[in-house]
Chemist: 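This is the structure I want to talk about, given as structure tokens.
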Amino acid sequence: MMTENLKISSGGKFLRILAAGFLAAASFPVSDISAKTFNEGEWTLTVDDVTGAADLSRCGRTLLKGSSARWGLDSVYTDFSACRSVRSSQSRNSDIYGDGSVVTVTGKDADHTVTRRFYLYPGKEFALTDFSVESPSGVSYNYMAPVWITGSYEAFSRPGNSVLFIPYDNDAWVRYRITPFGEPSPESYNVTALLNADTREALVVGAVEHDVWKTGVKTASQGPLAIDSLAVYGGAWSALTRDVRPHGAVSGRKVKSPKVMIGVFDDWRDGMETYGDLCATYAPRIASRGSRPFGWNSWGKLQTKVNFDNASQTGEFILDELQPAGFVNADSTVYVGLDAFWDFGLNDAQRKEFADLCHSRGQKAGIYYCPFTDWGKNPDATVGEAPQYKYSDLYLYSGDDILTFDGAYALDPTHPGTKARIARQLKEFIDWGYDFVKIDFMAHGAYEADRHYNPAVTTGTQAYNEGMAFIDSIADGKLWINLSIAPLLPANYAHSRRIGCDAWADINNTEYSLNALTYGWWLDHVYHYNDADHIVMEGVTDGENRARLTSSAITGLFLLGDDLSEGGDEATKARVRRTATNNDINEIARTCKSFRPVEPGKGDRAADSFYYVDPERGVMYVALFNFSDRSVSKEIPMHRLGLSDGEEFAATELWSHDPCTLHGTLATEIPSKDVKVYRIEMNK
């Protein structure tokens with residue numbers, strides 16, 4: 001456990017306190033004597049004008065208690081209680097998030113001026129906060145926490161509460177999870193929800209800005225109701241951010257923290273969607289390139305054996321066998337995608353010929369690229385697109401070590417050699433006529449490194465933003481950009497992102513993919529669509545095929561993955577014909593966004609029930625999964641779906657096409673490793 005140096009001011013003298021462990025420091029409650037209270041609509045902020053500690057509440061419900069700000073460099077930290085001449089004031093405010101007021105709290109620490117801001121919006125379920133530190137002599141920090149609480153306070157009135165872990169990226173089959181209060185919870189990244197599974201009420205806290213910092217959220221709760229410590233900070237780094245060195249330092253006359261949302265919601269799912277909306281408000285989504293892609297991707301089965309013949313034959317199979325039976329997106333087309341190893345399987349002429357062939361069939365062509373990785377791992381090799389450089393010039397380093405993960409060396413996104421490679425490859429894709437590019441291993445570009453070619457870039461997130469902005473400038477709206485392995489955020493450079501890691505055919509892979517949907521469905525508020533990875537059907541049961549296809553239909557991109565060429569397994573083709581041509585399921589994929597979980601899962605397991613409301617058609621879809629090897633009975637009260645228990649609803653199960661009437665509950669038996677999907681007529 002790290003030993004931290006915490007600087008605290010007392011009577012004008014500075015004391016050094018050694019504090020072992022996370023947040024092992026004194027608590028600074030707001031004093032009744034020195035408190036100043038500010039109101040804005042339902043919001044109340046009370047600030048201690050001695051310590052600067054702040055209490056934030058909405059409609060009498062405490063969100064933050066004794067919250068300070070904390071900053072530092074390389075584990076030497078200072079917090080706002082070190083400041084003197086503390087002042088607080090309120091003024092009107094109008095910004096991209098709404099109209100209201102801002103409460104500003106300032107303090108002095110030697111020649112440093114620290115400014116905290118709380119943005120309050122009447123009628124909104126969220127507030128925002130950030131802070132900055134400035135000095136004429138300059139400052140440098142790699143840790144800035146606008147929310148830092150070390151004293152216990154009761155956050156919920158009843159037990160059954162949990163802390164949500166959100167992964168930084170989707171690599172290495174990482175899983176989302178919820179941890180009950182009273183148990184040690186892992187650090188979450190970007191955002192967390194502290195939620196009650198029964199009442200659904202939640203506190204949601206997380207950074208809405210993702211251009212400088214990697215944000216961590218640390219929560220501790222020793223009992224069933226109270227938060228004992230909470231920190232939301234820029235400067236996170238760990239094995240789960242794939243970093244081997246501390247977060248880069250940000251320097252200048254003024255350094256600002258990430259802006260953080262603090263919200264209280266009657267439904268945690270509303271809170272996560274609101275968080276996504278605020279992220280997209282700060283960094284608006286890339287311009288749309290049309291309807292959600294249907295299609296095929298070669299990595300599902302062909303993998304390293306992909307070539308012109310088997311890929312073009314697969315496109316022909318889809319054209320002849322599937323498209324006439326309804327396997328098309330809302331634009332009446334499909335994407336036929338070449339994944340990794342296309343550069344070995346297709347010669348120079350065939351690469352353009354393949355795209356032309358897809359277009360001649362009314363299809364769209366997809367291809368694959370890794371912009372921030374070097375798989376050759378030859379430091380002495382000359383960069384073909386920029387021969388003045390060797391690959392060793394492009395690598396990211398920690399000391400003398402090249403940063404590597406997943407078997408590839410990481411490239412500096414700010415380096416002109418890296419950019420020359422990207423520009424050449426993307427321009428080729430566009431010249432060849434491709435419509436879609438899956439870009440992979442993107443987190444390599446966000447690793448914390450000792451240095452970057454651009455001296456103004458000192459953090460992995462800054463480098464990633466520069467690299468992604470360059471990719472967008474070259475793509476110039478001509479390519480659908482789909483992220484594969486990638487950080488969760490920022491999201492404003494791509495049309496879609498794979499919601500988890502690789503997923504295959506069996507029910508365990510379906511459950512893994514749905515774990516990410518359970519807690520990450522809201523990401524289609526920052527991307528246009530999520531992506532549940534390719535749908536592979538070979539080698540498992542029909543029930544598992546239905547479950548896997550449904551998991552993709554209720555998530556986002558709808559891409560098959562089996563070998564459908566002339567040499568492909570005929571039994572698998574028959575599976576695809578009967579499973580991928582259910583027009584009711586395909587209609588879900590055409591018209592719906594990601595489904596919400598009905599209830600959260602347990603631990604790191606997926607929810608088994610998801611729903612989506614289509615108000616224009618007056619219908620609700622409910623998907624019920626059985627991940628076990630025996631049949632199970634499932635019963636959901638209608639009120640948990642937002643419908644009245646006292647009314648009758650006509651419904652149809654979309655795999656069997658059996659009609660039924662629902663009254664009070666949705667009750668059914670689900671065979672082992674299978675799924676049932678209901679369309680409920682909400683107005684009948």
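All values derive from a computational prediction rather than experimental measurement. Quick note: numbers below take in every heavy atom, side chains included, and nothing from hydrogens, waters or symmetry partners.
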Chemist: Taking atom types as modelled and ignoring hydrogens, do the side chains of Asn530 and Thr555 form a donor-acceptor contact shorter than 3.5 angstrom?
Modeler: no
Chemist: With no hydrogens and no angle check, just 3.5 Å: does a side-chain donor-acceptor pair link Thr113 and Lys108?
Modeler: yes
Chemist: For Tyr77 together with Tyr143, are the ring centres under 6.0 Å from each other?
Modeler: yes
Chemist: Looking at side-chain heavy atoms only, is the closest gap between Thr281 and Ile96 below 4.5 Å?
Modeler: yes
Chemist: Out of curiosity, Met682 CE to Ser644 OG, how far, rounded to the nearest 0.5 Å?
Modeler: 11.5 Å
Chemist: Tell me, please, which residues at least two apart from Tyr612 pass ring pair (Phe, Tyr, Trp, His ring centres under 6.0 Å).
Modeler: Phe595
Chemist: So, Arg292 side chain and Cys592 main chain: donor-acceptor pair closer than 3.5 Å or not?
Modeler: yes
Chemist: So, Thr62 side chain and Ser57 main chain: donor-acceptor pair closer than 3.5 Å or not?
Modeler: no
Chemist: Give me the atom names and distance for the closest heavy-atom approach of Leu63 to Tyr153.
Modeler: O-OH, 2.6 Å
Chemist: Just checking, is any N or O donor in the side chain of Tyr121 or Asp95 under 3.5 Å from an acceptor N or O on the other one?
Modeler: yes
Chemist: Is the shortest distance from a Lys or Arg side-chain nitrogen in Arg70 or Asp79 to a carboxylate oxygen in the other one below 4.0 Å?
Modeler: no
Chemist: Show your working on side chain to side chain contact (heavy atoms under 4.5 Å, CB included) between Val212 and Val250 and close with a plain yes or no.
Modeler: CA-CA 8 Å; Val212 175; Val250 182; 3.7 Å; yes
Chemist: Atom CD of residue position Gln222 - does it have more than 12 heavy atoms of other residues, nucleotides or ligands inside 6.0 Å?
Modeler: no
Chemist: Using a strict 4.0 Å threshold on nitrogen-to-oxygen distance, state whether Arg84 and Asp109 make a salt bridge.
Modeler: no
Chemist: Within the distance-only criterion (no hydrogens, no angle test), does the side chain of Ser185 pair as donor or acceptor with the backbone N or O of Thr219 below 3.5 angstrom?
Modeler: yes
Chemist: Could you report the tightest heavy-atom contact between Pro146 and Arg116, atom names first, then the distance?
Modeler: O-NH2, 3.8 Å
Chemist: Under 4.0 Å between a Lys/Arg side-chain N and an Asp/Glu carboxylate O for Arg61 and Glu201?
Modeler: yes
Chemist: If you apply the rule side-chain hydrogen bond (donor to acceptor under 3.5 Å, both in side chains), what do you find for Thr215 with Asn190, and how did you get there?
Modeler: CA-CA 5 Å; Thr215 300; Asn190 298 302; 5.1 Å; no
Chemist: Test side-chain hydrogen bond (donor to acceptor under 3.5 Å, both in side chains) on Asp531 and Asn482; report intermediate values, then the result.
Modeler: CA-CA 8 Å; Asp531 175 7; Asn482 183 43; 3.0 Å; yes
Chemist: Got a second to check how far Tyr168's OH is from Tyr189's OH, nearest 0.5 Å?
Modeler: 10.0 Å
Chemist: With a 4.5 Å cut-off on side-chain heavy atoms, are Ile680 and Leu662 touching?
Modeler: yes
Chemist: Short question: side chain of Ser67, backbone of Ala54 - any donor-acceptor pair under 3.5 Å?
Modeler: no
Chemist: Determine yes or no for a side-chain-to-main-chain donor-acceptor pair under 3.5 angstrom, with Asn142 supplying the side chain and Gly235 the backbone.
Modeler: no
Chemist: Grab the two heavy atoms, one from His495 and one from Ala287, that are nearest each other, plus how far apart they are.
Modeler: NE2-O, 3.0 Å
Chemist: Tell me every residue that passes side-chain contact (heavy atoms from CB on, under 4.5 Å) with Asp331, counting only those two or more places apart in sequence or in another chain.
Modeler: Ser291, Asn329, Thr333
Chemist: If you measure only the distance, is there a donor-acceptor pair under 3.5 Å linking the side chains of Asn93 and Ser101?
Modeler: no
Chemist: Kindly compute the distance separating CG (Asp99) from NZ (Lys124), expressed to the nearest 0.5 Å.
Modeler: 7.5 Å
Chemist: Quick one: does Leu195's side chain get under 4.5 Å of Asn161's, heavy atoms only?
Modeler: no
Chemist: Under the side-chain contact (heavy atoms from CB on, under 4.5 Å) rule, collect the residues that match up with Thr461, sequence neighbours excluded.
Modeler: Lys214, Thr459, Asn465
Chemist: Is there a donor-acceptor pair closer than 3.5 Å between any side-chain N or O of Arg498 and the backbone N or O of Gly500?
Modeler: yes
Chemist: Looking at side-chain heavy atoms only, is the closest gap between Ile178 and Asp604 below 4.5 Å?
Modeler: no
Chemist: Test side chain to side chain contact (heavy atoms under 4.5 Å, CB included) on Glu125 and Arg58 and set out the steps.
Modeler: CA-CA 8 Å; Glu125 294 168 298; Arg58 185 177 187 273; 4.1 Å; yes
Chemist: Between Arg92 and Glu40, does at least one N-O distance fall below 4.0 Å, as a salt bridge requires?
Modeler: yes
Chemist: Just by modelled atom types, is the Phe131 backbone N or O under 3.5 Å from a matching donor or acceptor in the Ser257 side chain?
Modeler: yes
Chemist: Hey, does Met261 have a side-chain heavy atom less than 4.5 Å from the side chain of Val204?
Modeler: yes
Chemist: State the CG-CG distance between Leu194 and Leu164, to the nearest 0.5 angstrom.
Modeler: 9.0 Å
Chemist: Using 4.0 Å as the upper bound for N to carboxylate O, is an ion pair formed by Asp130 and Lys256?
Modeler: yes
Chemist: Can you find a pair of side-chain heavy atoms, one from Ile149 and one from Val147, that are under 4.5 Å apart?
Modeler: yes
Chemist: Report the residues that fulfil side-chain contact (heavy atoms from CB on, under 4.5 Å) with Pro293, sequence neighbours left out, ordered by chain and then residue number.
Modeler: Tyr335, Phe436, Trp480, Leu557
Chemist: What pairs with Tyr275 under ring pair (Phe, Tyr, Trp, His ring centres under 6.0 Å), at least two apart in sequence or on another chain?
Modeler: Trp522
Chemist: Is it the case that Ser88 and Asp49 place a side-chain donor and acceptor less than 3.5 Å from each other?
Modeler: yes
Chemist: Can Arg640 and Glu599 be counted as an ion pair, charged N to O under 4.0 angstrom?
Modeler: yes
Chemist: In the structure I gave you, are the side-chain heavy atoms of Phe156 and Phe181 within less than 4.5 Å of one another anywhere?
Modeler: yes
Chemist: If we count only N and O atoms by modelled type, under 3.5 Å, do the side chains of His525 and Asp277 hold a donor and an acceptor together?
Modeler: yes
Chemist: Between Tyr621 and Tyr678, is the ring centre distance below 6.0 Å?
Modeler: no
Chemist: Do Met272 and Val191 touch side chain to side chain, with heavy atoms closer than 4.5 Å?
Modeler: yes
Chemist: Would you say the ring centroid of Trp71 lies under 6.0 angstrom from that of Tyr233?
Modeler: no
Chemist: Rounded to the nearest 0.5 Å, what's the gap from CG on Asp48 to CG on Asp55? Could you check?
Modeler: 9.0 Å
Chemist: Does the pair Asp614 and Met620 meet the rule for a side chain to side chain contact (heavy atoms under 4.5 Å, CB included), with working shown?
Modeler: CA-CA 6 Å; Asp614 186 338; Met620 173 185 290; over 6 Å; no
Chemist: Determine whether a donor-acceptor pair (N or O, by modelled atom type, separation under 3.5 Å) exists between the side chain of Asp524 and the backbone of Tyr527.
Modeler: no
Chemist: Would you please say whether a donor-acceptor pair under 3.5 Å links the side chains of Asp211 and Tyr282?
Modeler: yes
Chemist: For the pair Leu641 and Ile636, evaluate side chain to side chain contact (heavy atoms under 4.5 Å, CB included) and give the outcome as yes or no after the intermediate values.
Modeler: CA-CA 8 Å; Leu641 298 171; Ile636 302 176; 4.0 Å; yes
Chemist: Look at the side chain of Thr518 and the backbone N and O of Leu514, then say whether any donor-acceptor pair between them is shorter than 3.5 Å.
Modeler: yes
Chemist: Can a donor-acceptor pair be found, under 3.5 Å and without considering hydrogens, that links the side chain of Ser221 to the backbone of Ala226?
Modeler: yes
Chemist: Not counting sequence neighbours, which residues clear side-chain contact (heavy atoms from CB on, under 4.5 Å) with Arg269? List them please.
Modeler: Arg200, Asp267, Trp521, Arg596, Pro597, Tyr611
